[in-house]
Asker: 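Below you'll find the structure I mean.
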Amino acid sequence: MAEGENEVRWDGLCSRDSTTRETALENIKQTILRKTEYLRSVKETPLRPSDGLSNAVSLDGLNKLLAHLLMLSKRCPFKDVREKSEFILKNELGIRIPRPLGHGPSRFIPEKEILQVGSEDAQMHTLFADSFAALGRLDNITLVMVFHPQYLESFLKTQHYLLQMDGPLPLHYRHYIGIMAAARHQCSYLVNLHVNDFLHVGGDPKWLNGLENAPQKLQNLGELNKVLAHRPWLITKEHIEGLLKAEEHSWSLAELVHAVVLLTHYHSLASFTFGCGISPEIHCDGGHTFRPPSVSNYCICDITNGNHSVDETLNAAGICQVSDSFFEVEALMEKMRQLQECRDEEEASQEEMASRFEIEKRESMFVFSSDDEEVTPARDVSRHFEDTSYGYKDFSRHGMHVPTFRVQDYCWEDHGYSLVNRLYPDVGQLIDEKFHIAYNLTYNTMAMHKDVDTSMLRRAIWNYIHCMFGIRYDDYDYGEINQLLDRSFKVYIKTVVCTPEKVTKRMYDSFWRQFKHSEKVHVNLLLIEARMQAELLYALRAITRYMT
Amino acid sequence: MEKMSRVTTALGGSALTGRTMHCHLDAPANAISVCRDAAQVVVAGRSIFKIYAIEDEQFVEKLNLRVGRKPSLNLSCADVVWHQMDENLLATAATNGVVVTWNLGRPSRNKQDQLFTEHKRTVNKVCFHPTEAHVLLSGSQDGFMKCFDLRRKDSVSTFSGQSESVRDVQFSIRDYFTFASTFENGNVQLWDIRRPDRCERMFTAHNGPVFCCDWHPEDRGWLATGGRDKMVKVWDMTTHRAKEVHCVQTIASVARVKWRPECRHHLATCSMMVDHNIYVWDVRRPFVPAAMFEEHRDVTTGIAWRHPHDPSFLLSGSKDSTLCQHLFRDASQPVERANPEGLCYGLFGDLAFAAKESLVATESGRKPYAGDRRHPIFFKRKLDPAEPFVGLASSALSVFEIEPGSGSMSWFVDTAERYALAGRPLAELCDHNAKVARELGRNQVAQTWTMLRIIYCSPGLASATSLNHSVGKGSSCGLPLMNSFNLKDMAPGLGSETRLDRSKGDTRSDTVLLDSSATLITNEDNEETEGSDVPADYLLGDVEGEEEELYLLDPEHAHPEEPEYVLPQEAFPLRHEIVDTPPGPEHLQDKADSPHVSGSEADAASLAPVDSSFSLISISHALYDTRLPPDFFSALVCDMLRFYAEQGDVQMAVSVLIVLGERVRKDIDEQTQEHWYTSYIDLLQRFCLWNVSNQVVKLSTSRAISCLNQASTTLHVNCSHCKRPMSSRGWVCDRCHRCASMCAVCHHVVKGLFVWCQGCSHGGHLQHIMKWLEGSSHCPAGCGHLCEYS
């Protein structure tokens, strides 16, 4: 059996033309049938030792195929493909077929809260179709982000441009950099996704055995990746110089900007993945099982995301919490009102304002999750980063004096944008748009209240994150943060932004208990965009300094 | 006159003096502003707020306004402005949203006057009313603009930009009540200070934030805006809708823009990122800055003209912590370094050429090189005569088109098909090829073949008459009665031939194109053509010189040295090419048209018949008598081949190479040969001349080429019984398990060389079949077919 015959082409499915999809699916069906038949025939004939290995390989291939088909049956935006692939799976092939593990794209958000593929409106459908056409899949991140379609559109456009459109870096480099960045946060979800993409665009599988197997040029980027992910304020122009002047392994400025944008994009995307508890993709490892369902076998995810019947009993206990948290919202509203009103009256002195920032900056390190249990890195991810100990460290804690970054001296709108757009045209525009949408997104609602001006709250969150990175806005009173963000919320923000791998469902649940899931996702969007901007600012400032 | 008088009054009778100079500040500057008296400048930044006096030789620190022990954010200035009516009044915008006014007249050390804390976000800009003493305007990140009356403690009115951040506010200089504001979303608004409820006018000026704007000091309605999209636009606001009158594209986002005093169309810009220079643009010439100041080492953050009526002093502050005074006459002028000529080829070989008008004007008496191109189309940009402006260059653009059909390659195909490359004696090959070339109208090539024949074939064969004969053949009106006639008529013929070659070269290779175009542009007359930089002509020019020698020496001086004779002989046809190249086209067009050319033509003719016809014959006799070895010519022949190849006629080069074979091959290095071969084969294959290309490959002596034919040649065999393809072995069929290839003579399986008859498909061992067919002409299998073996 020649290999060529068994290569499955999925790209036909991404077509917008239904007949093309039809033929593509038919081909896939034929391939599956052929493979099954082959496997069966092999099983019937006495086993030859030499065949054992190839047999296992082809079984593996078939399983992968089936898993992909399962994903399609659940997640393809085109109805015909969903139905047909389900039909293929259901139509007894005489082999074990997979079923999805867990329920829904997020472990934190109950599946019923999340939009089902197939029930989206026209705008979302185009979004889904676009995304599917570009990547051949509809990932869980997209399904969670679709709470905010306006943002999602911009996000997908940017990501598509970064990964697939014209740019200074070759395609496999881009995915590899994505893997490097995601691996810094041990985000196996993103790593798995991009390992597939990396191989798909013709990347060398050897590189996946660790950074030391990648070209020297990418290895050089490792240091920047590390610093950028955990202590971006330490980036100096020497880092940049080291990358740009490394003889035959040196980066060009345009390549470097592309890489930096990719790194920051994936760092913050890792934050989102953990912050919203994104589950593994159905067709990736851990997203499906071939075991038959059994009653006694709850999946942990089932329990944690409240999809199980157990949550009714829990709810009984939660009633008192509800009333509690009801007051939380009320209190928050009240504080916002107060701040709005009394702002003009009591004018804090300059020293007061300055010290408030320092306090907030210092305090942000004490706010840390109490459950500091060490998460063991997922097996195949760990190989991508050499130095696990190098994590987020608060600068004050280590007695390092880092001068405060003043946004008035170097801000995204004036400086960062120009630099990025100059070296990597159009991307500045795309990212700028994304920042704007994320920052200005509002539905004027808060939990059960309508017509609320949330700009103050959004600004507090944004500035709090920047404050953690040492970025200061001269025109902001950091006292507001203390008033508006309570402790559990700060813990969540801090964890998501700095050590996303330590986010737990408990953290997710314990802040803003009365708020909707869509609002919590909104918070996450703010977090990741603020984080991305902070990292970008430091990196771009270093590049600017190098250039001048 | 009126303007002049105003200047002098403004300057108070004493003109400004000074030089280009800079001074170091303690910290990066964010903005600068000049005092009305043009003698002081204030510099403001995050941690600097000082007044410097501008003296003739240096800046002198006059006052530090940053007083107090603790640095306050109120002193972290984003902008500063000095009142243009009151020398004691300053205003600053702080990054924390506070607007501060300063009164230098205060007796205490702290000059701070009033504090307005109404803005919630950073204030980006403050602006005093140009004539009113107490009116101050501010624009902030929070989307509001506020108008303050300095006699009161709070703002008089607030203008809302609908929560879009305000980047700049500027009072109109002429309209008392009007001010313009620019926004982060790319909009520009016009407000009436008396109507805070809504703006008078709004339009989108830029894509992305508009960082700055500046009203024209004289032109009532002109507003210049600069944005992140790297553009400076000048708007005419007097019309009903704001109209874009000028647009300058810079290389980086525009942070500040300031009209140059007394120069209606000049404005200065500096950039926010990457680019540290200050440019002064003439808005009518938006592609090259009129002047450039390159002193700063980091981005320039503030620029100001020192005096509102003096165009030569520009002050600037920068992030590199320096304050500079630039003198306009010290500026570098990129225009001077710019290359005023442009040359470009179109997709279909059209050529466009733009040059300074003055340059073209000198050539205007010259007829444009027409040749195979039609008359050039001239475009001329007319200047506005009302505004004579020295720096503004006007240029002439000429476009040359290629005649349709001149790109046809039919001659190539014909030549390739009809040339004989092997299989006959050299003389015949040469004759044949010369004939082919002549029939196709390629006389130069024909001549070359003829000459090769003369050179390489034995002297006995090539007599003087044959030479004359060949020359005669070259003429278009073919009666070779007198040499003089021949020569005269041949001249245009050869000329057109060269030209043809050249046009062919044009369509094929860019380098040749450039060469000929260079000729086209720079040459004034024939002499220049010869001496010009055209590499292809090098050989010819060279030869021409020697030929002159010939004419001088020949009639009188008897026989100096043998080689001397040989070379001219060789060069004779070539000489005509070059001398006649320029006139050729003229002849094609209109013979009587150009007296100058026909004069030179007559020159050549008068020279030629009298002397050279005789000398030719005599020389040819002398040549054959001396019995030169053919080897003697090989260097020249090699040069000739290179000449053809360089012209783009690789066909000729390869053909000659093949025909001459061993005679020249060793003189040309292997790599060049290989290069020619591959080029020619490639060309042949593009024209689907597979047979010829195969022949060339076969005849080539270069290993790399001849192995082309041996690669990937597979012969697929079908079984003679079941008609299925035989895969593994050639003699046993896998499917019907029979031996397929039996020898028709000995009836054994053939495992080695197998010979088939293509007619009846019977065959067998090579030797057997050979033997059989010696005795019989029928097929050994008895099928009755008359087989042939060759």
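It should be emphasised that the depicted structure is a prediction, and the values quoted were computed from it without experimental measurement. Just so we're on the same page: letters track the sequence lines, and every chain starts at 1.
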Asker: Is it the backbone or the side chain of A:Asp409 that comes under 4.5 Å from a heavy atom of chain B, or both, or neither?
Answerer: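 When you check distances to chain B, atoms from both the backbone and side chain of A:Asp409 fall under 4.5 Å.
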
Asker: Using 30° and 60° as the class limits, which term best fits the ring planes of B:Trp281 and B:Tyr279: parallel, tilted or perpendicular?
Answerer: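 B:Trp281 and B:Tyr279: tilted rings.
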
Asker: Kindly indicate whether a cation-pi arrangement holds for B:Arg228 with A:Tyr417, taking the cut-offs as under 6.0 Å to the six-membered ring centre and within 45° of the axis.
Answerer: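 Pair B:Arg228/A:Tyr417 counts as cation-pi.
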
Asker: Ignoring hydrogens and angles, state whether a donor on the side chain of A:His415 or A:Thr544 is under 3.5 Å from an acceptor on the partner side chain.
Answerer: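 No, no side-chain donor-acceptor pair sits under 3.5 Å.
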
Asker: Side chain, backbone, both or neither: which part of B:His119 has an atom under 4.5 Å from a heavy atom of chain A?
Answerer: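 Neither the backbone nor the side chain of B:His119 comes within 4.5 Å of chain A.
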
Asker: State whether A:Arg406 and A:Asp474 are salt-bridged, where the test is any N-O pair (Lys NZ or Arg NE/NH1/NH2 against Asp/Glu carboxylate O) under 4.0 Å.
Answerer: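 Looking at A:Asp474 together with A:Arg406, the answer is yes, because their closest N to O distance falls below 4.0 Å.
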
Asker: So for B:Arg297, is it side chain, backbone, both, or neither that comes closer than 4.5 Å to the heavy atoms of chain A?
Answerer: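 The answer is the backbone of B:Arg297.
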
Asker: Given that the side chain runs from C-beta out, which part of B:Ser76 has a heavy atom under 4.5 Å from chain A: side chain, backbone, both or neither?
Answerer: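 Contact with chain A involves the side chain of B:Ser76 alone.
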
